[in-house]
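Treat the numbers as computed from the prediction; the structure is a model and nothing was measured.
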Amino acid sequence: MNKKSRRLSLLAMAGLSLYWVIGAARPAQAMHIMEGFLPVGWAVFWWMVALPFFVWGVRSLAQITQQNPNLKLLLGLAGAFSFVLSALKIPSVTGSCSHPTGTGLGAVLFGPGVMTVLGSLVLVFQSVLLAHGGITTLGANAFSMAIVGPWVAWGVYRLFESRQQHKIGIFLAAALGNFVTYLVTSIQLALAFPAATGGVMASFGKFAGIFALTQVPLAISEGLLTILVWNWLQAYAQPELQTLKSIKGQEVVQS
Amino acid sequence: MLEFDNIEYTYPCNTTPAIKNLSWQIPVGRRCALIGRNGCGKTTLFRLANGLYQPQKGVIRYQGKPLRYNRKSLSDLRQKVGLVFQNPEQQLVATTVIEDISYGLCNLGVSEGEMRDRVRATLADFDLEDLAHTPINYLSLGQKKRVSIADVMVLAPQLLLLDEPTAYLDPYQVRQLRRMLNQIEKKGTTIAIATHNLDFVYAWANWVCVVDRGQIVAEDTPEGIFRRSEVVEGLGLGCPLAMSILEALHHDTPTEQALKDALFFQGKLD
Amino acid sequence: MLEFDNIEYTYPCNTTPAIKNLSWQIPVGRRCALIGRNGCGKTTLFRLANGLYQPQKGVIRYQGKPLRYNRKSLSDLRQKVGLVFQNPEQQLVATTVIEDISYGLCNLGVSEGEMRDRVRATLADFDLEDLAHTPINYLSLGQKKRVSIADVMVLAPQLLLLDEPTAYLDPYQVRQLRRMLNQIEKKGTTIAIATHNLDFVYAWANWVCVVDRGQIVAEDTPEGIFRRSEVVEGLGLGCPLAMSILEALHHDTPTEQALKDALFFQGKLD
Amino acid sequence: MHHQIDSLAYTNQLRSLPPSHKVGFAIALFILGFVSPMGVQGAIALWLAIWIILYAGIPAKIYGQLLLIPLTFWLLSVPALILGVSFSGNVNPVDIAWGSRYFYLSQQGITQAQTVLMRAIALSSCLYFVLLTTPFADILNLLKAWRFPTIIIELLALMYRFIFVLTDTVLELVTAQKSRLGYRNRRSQFRSLGIIISQLLWRTLENYRACSLGLISRGFNGELRFWSDRQYQANPRYMVEAIAGYFVLLLLAIFPYVDKL
């Protein structure tokens with residue numbers, strides 16, 4: 001009996017590992033908590049946390065576009081750009097392919113406040129057009145992807161920019177923007193599903209550990225790729241970067 | 001050279017196939033033109049020939065060998081079969097002219113010396129030397145078109161496919177294009193184009209294939225094709241003006257010289 | 001109707017003006033075509049006419065009154081002078097066809113009833129009723145082109161400017177376009193187009209203006225224009241085939257009927 | 001990158017039903033699915049599968065593929081949910097030791113995994129029902145009727161339109177790169193993608209310049225307003241089934257609680 005159940009347990013774990021390997025083969029949207037995953041309490045909680053940021057972002061956008069209505073079009077296009085960017089497949093350093101978050105590049109190009117709104121709308125389109133993520137989990141996903149990610153990326157970029165280390169700044173902004181998104185998602189899952197022994201911390205360790213294998217190499221890839229893009233933009237797209245300053249510049253004036 | 005055997009291809013998310021039961025061979029050494037309505041499958045056909053799409057049914061053979069869809073075979077095929085896209089805006093992928101032309105060779109991983117020679121020779125062939133370091137975004141449309149052809153020719157393909165080469169070009173640039181095609185042909189590359197420009201077809205091609213709803217419905221010399229009413233009227237393509245006039249006056253010997261002069265006049269800047 | 005008086009316009013960041021010392025009047029009631037090399041200033045000219053750019057020198061007059069660049073006058077001008085862009089992808093902004101057509105009227109703030117009448121009538125005119133609620137993304141290119149013209153015609157302009165209307169279209173769609181233009185003209189709208197398609201110019205226009213380096217260098221009937229060697233050779237535009245043949249055979253009466261038949265045949269699907 | 005869901009939504013057989021009915025139905029089921037026991041959640045998923053496959057005519061294969069997405073995410077998180085680690089020694093006899101650590105299957109975790117799976121399937125079904133039967137233009141009109149802030153609706157409309165334009169651009173660029181031997185190895189993958197993203201941004205701004213001229217030339221005055229007279233037809237048969245079915249599910253959901261009283 002003892003031996004039998006021990007074997008059963010081993011078998012179950014082997015099966016689980018297999019599941020996980022299969023799952024890891026398509027980690028495409030691992031960073032979006034799927035519809036229905038969070039219990040009611042946590043779904044509502046994250047909505048409540050994300051909403052003030054979103055409302056603040058929308059209000060500042062409304063003010064910007066009132067002064068310069070043409071920027072609506074620019075914002076709509078910037079949002080479409082962010083969506084298409086996040087739907088690209090990038091090679092990860094481990095060999096698999098996955099999607100970038102684009103929060104780092106977006107935050108640096110459009111500013112973190114604008115990215116909060118655009119990122120949330122991108123999440124809406126990801127669920128509408130690609131069936132990734134969901135409505136109840138939109139609050140939680142927006143908090144990690146459209147709020148924490150862009151602000152961390154922006155902060156890191158500004159820190160290094162002030163020290164004239166643009167390239168390191170861009171790399172870290174993109175890589176950390178991606179990495180932090182994943183950390184926050186792991187925390188959110190851990191809070192919703194604390195382990196029986198060890199509680200939230202143990203659970204966080206498990207979720208973070210599982211996603212780390214796919215996400216850390218991906219964060220590095222996104223950082224490297226963003227440097228390539230940034231070099232190109234600096235060399236050949238100065239007028240375009242000036243155009244984008246029109247949304248960022250006004251946002252700074254607002255805040 | 002390149003042979004389609006009973007090919008069927010349906011785009012993802014579509015229900016009706018874009019190409020259906022198509023068997024066709026690209027005629028070697030001929031100037032071949034594909035004509036047909038917008039959406040008839042011309043572009044799809046060219047992309048199948050370049051290995052960009054994988055047919056759901058049938059086999060594509062290159063020099064007798066069936067095409068396999070692995071990285072190695074596709075890369076071999078794409079060196080031999082070059083494809084110039086309709087919109088140069090969507091084909092130029094690098095930053096400056098010289099980088100764009102070297103893109104294909106970089107991917108092949110040729111040596112530094114060979115790279116320099118081949119890129120320089122191509123720049124000279126296409127009269128792009130002065131523009132070598134110009135950023136792509138600052139080129140005019142005609143220049144972009146020239147670069148997009150040079151991009152492909154640097155790989156020295158045996159077969160060059162051009163999708164709507166005259167689109168966006170002004171009449172002067174169309175004549176330049178014709179000169180370019182003549183030069184390319186002299187080097188032994190077979191050329192096939194897909195186009196709506198029937199006058200260009202009549203002036204340039206000596207073999208015409210008509211595509212309709214994903215099938216090759218007719219192929220013949222230009223004179224043969226445009227004499228068929230199912231092509232001219234049925235598909236609504238019409239007949240090149242030069243030909244319909246030549247036809248109408250065919251038995252009228254005294255005026256034929258005048259007509260030929262007029263036709264020659266048309267291309268006199270060649 | 002619309003009059004340019006000694007206009008000069010330089011794009012921001014450029015040093016050479018795109019339009020220079022240009023004085024010109026759009027001929028009312030004529031079918032006017034602007035021809036010229038890529039980059040000669042045709043598009044700029046149309047955008048100046050629509051009030052999208054403000055000239056650095058000179059005055060544009062609409063019905064004798066100089067144009068002022070404030071919201072009110074511009075909005076009035078744009079109702080009277082409609083502009084259809086070359087690339088419909090960059091003109092259509094709404095989600096569905098009916099929404100896109102209603103956009104101009106929404107900006108004018110017309111009443112619900114008038115909105116319904118005018119939008120529905122325009123849908124019917126352009127044969128778009130079945131597509132009314134189709135998302136723009138699912139239209140074919142020819143359909144998008146039709147919608148982009150309907151977008152402007154719903155405002156009932158007195159003058160309609162079309163930039164490269166035949167670009168992207170196949171021969172059948174070009175004939176459809178010609179039918180559309182004929183209908184629009186019957187309602188009393190003056191039409192001017194800018195194009196490279198000389199056969200289209202010869203077949204459709206009765207007044208041709210040649211643009212070169214930001215200036216109108218010649219204007220005349222098509223026959224007059226294409227007889228001038230500085231246009232045909234100097235600018236490298238060439239001459240429409242139909243005309244050069246007609247010219248070459250002009251004194252040869254017995255064959256003229258046959259020729260005319262051939263020309264008629266060309267347009268018989270109209 | 002092919003927007004299959006959107007094209008199905010625009011061609012499905014329930015397209016002419018009033019969007020408020022469809023969305024209202026889905027929201028009602030959504031709330032029920034969130035709080036009801038597993039059996040009812042399973043019933044919701046099955047019932048909606050009938051609506052989606054039989055009534056809306058969505059191919060079963062495609063719907064199955066869509067359901068695989070939440071399933072994959074679930075599979076990915078299952079180990080974290082049910083595998084426990086203990087440093088304090090054997091909790092029960094079936095544990096496996098690895099150094100000083102003991103791995104065990106947590107009973108609480110297994111229950112949690114089951115609950116989450118059923119809830120995710122039920123709620124995803126509700127979401128997919130809306131996505132597959134209601135075109136985006138209809139959803140926008142609904143948001144307008146519900147008085148969402150104008151700026152959000154305008155941005156959503158613009159994004160929707162330009163996502164398609166930019167997707168086409170990217171697909172063309174990738175195809176062009178492939179045709180010139182791009183993506184042969186990791187290095188060329190990185191290089192090619194860097195170019196794509198840069199070009200995409202450049203074209204995004206190019207589109208911005210061209211489109212703002214297009215908008216202005218049709219009298220843009222600061223607001224993007226559109227008009228539509230789309231008519232919908234309510235279908236009594238579907239309404240009866242929706243309401244009756246919902247009541248049955250509701251009774252099943254509250255039955256256990258009634259029992260306890």
Side-chain angles (χ1 to χ4, degrees), chain C residues 43 46-47 49-53 71-72 74-79 81-110 112 114-116 118-120 123 132-139 148 151-152 154-155 157 161 163, chain D residues 2-4 6-11 15-16 19 134-141 143-144 153-169 172 203-232:
Chain C
T43 299
F46 273 10
R47 292 185 177 180
N50 193 244
L52 290 172
Y53 299 152
R71 192 174 276 189
K72 176 80 183 64
L74 285 176
S75 151
D76 287 349
L77 175 79
R78 286 170 190 152
Q79 275 174 67
V81 179
L83 172 60
V84 179
F85 288 68
Q86 170 170 2
N87 187 349
E89 290 288 0
Q90 296 178 331
Q91 191 182 342
L92 310 181
V93 288
T95 315
T96 60
V97 170
I98 194 165
E99 288 181 1
D100 208 76
I101 291 177
S102 72
Y103 172 74
L105 292 175
C106 283
N107 288 331
L108 282 180
V110 304
E112 175 77 28
E114 191 185 345
M115 174 77 81
R116 183 183 314 275
R118 288 175 71 173
V119 170
R120 280 286 156 198
L123 284 171
H133 298 287
T134 306
I136 299 287
N137 317 318
Y138 297 109
L139 299 180
S148 72
D151 274 348
V152 174
V154 74
L155 295 169
L161 307 173
D163 199 355
Chain D
H2 295 279
H3 304 299
Q4 191 174 30
D6 190 70
S7 65
L8 285 171
Y10 151 67
T11 50
R15 193 186 164 211
S16 60
T134 320
F136 193 72
D138 291 353
I139 295 181
L140 276 183
N141 282 331
L143 294 182
K144 233 177 271 175
I153 293 171
E154 286 173 337
L155 283 181
L156 283 173
L158 285 172
M159 277 174 76
Y160 177 75
R161 168 82 188 103
F162 286 108
I163 279 172
F164 284 84
V165 174
L166 295 183
T167 302
D168 282 350
T169 308
E172 279 295 304
R203 274 146 221 250
T204 301
L205 292 162
E206 186 73 13
N207 265 309
Y208 162 62
R209 280 186 286 262
C211 289
S212 53
L213 285 181
L215 281 181
I216 292 169
S217 101
R218 288 199 277 155
F220 180 64
N221 54 17
E223 264 186 80
L224 284 162
R225 273 174 307 175
F226 305 110
W227 174 87
S228 164
D229 62 352
R230 177 106 177 89
Q231 303 290 320
Y232 304 100

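- Partners of Ile98(C) according to the side chain to side chain contact (heavy atoms under 4.5 Å, CB included) rule, which considers only residues two or more places apart in sequence or in another chain, are Thr96(C), Val119(C), Arg120(C), Leu123(C), Ala132(C), His133(C), Trp227(D), Ser228(D), Asp229(D).
- If you measure heavy-atom distances from Asp138(D) to chain C, you find no contacts under 4.5 Å at all.
- The backbone N or O of Phe164(D) sits nowhere less than 3.5 Å from a side-chain atom of Asn137(C) that would complete a donor-acceptor pair.
- With a threshold of 4.5 angstrom between heavy atoms, Arg209(D) does not approach chain C through any atom at all.
- Atom CZ of Phe85(C) sits about 9.0 Å away from atom SG of Cys211(D), to the nearest 0.5 Å.
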- Would Arg225(D) and Glu99(C) count as a side-chain contact (heavy atoms from CB on, under 4.5 Å) if you check the C-alpha gap in whole Å, the side-chain angles of each, and the deciding distance to 0.1 Å? CA-CA 9 Å; Arg225(D) 273 174 307 175; Glu99(C) 288 181 1; over 6 Å; no
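- Between atom CD1 of residue Ile139(D) and atom OG1 of residue Thr95(C) there is a gap of 11.5 Å, rounded to the nearest 0.5 Å.
- The residue among Val81(C), Leu155(C), Val84(C), Asp100(C) with the most heavy atom pairs within less than 4.5 Å of chain D is Asp100(C).
- Only the side chain of Leu140(D) comes within contact range of chain C, with at least one heavy atom under 4.5 Å from a heavy atom of that chain.
- Neither the backbone nor the side chain of Ser212(D) comes within contact range of chain C; no heavy atom of the residue lies under 4.5 Å from a heavy atom of that chain.
- Atom CD of Gln90(C) and atom CG of Leu213(D) lie 9.5 Å apart (nearest 0.5 Å).
- Note that the CG atom of Leu74(C) and the OG atom of Ser217(D) stand 11.5 Å from one another [nearest 0.5 Å].
- Residue Arg218(D) is tested with Val154(C), Asp151(C), Leu108(C) for a side-chain contact (heavy atoms from CB on, under 4.5 Å); the sole match is Asp151(C).
- Within the model, atoms OH of Tyr103(C) and CG of Leu224(D) stand 5.5 Å from one another, a figure rounded to the nearest 0.5 Å.
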- Please test Asp6(D) against Tyr138(C) for side chain to side chain donor-acceptor pair (under 3.5 Å), starting from the C-alpha separation and ending with a verdict. CA-CA 10 Å; Asp6(D) 190 70; Tyr138(C) 297 109; 2.6 Å; yes
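- Contact between Asn221(D) and Arg71(C) at its shortest, heavy atoms only, is O-NH1, 4.2 Å.
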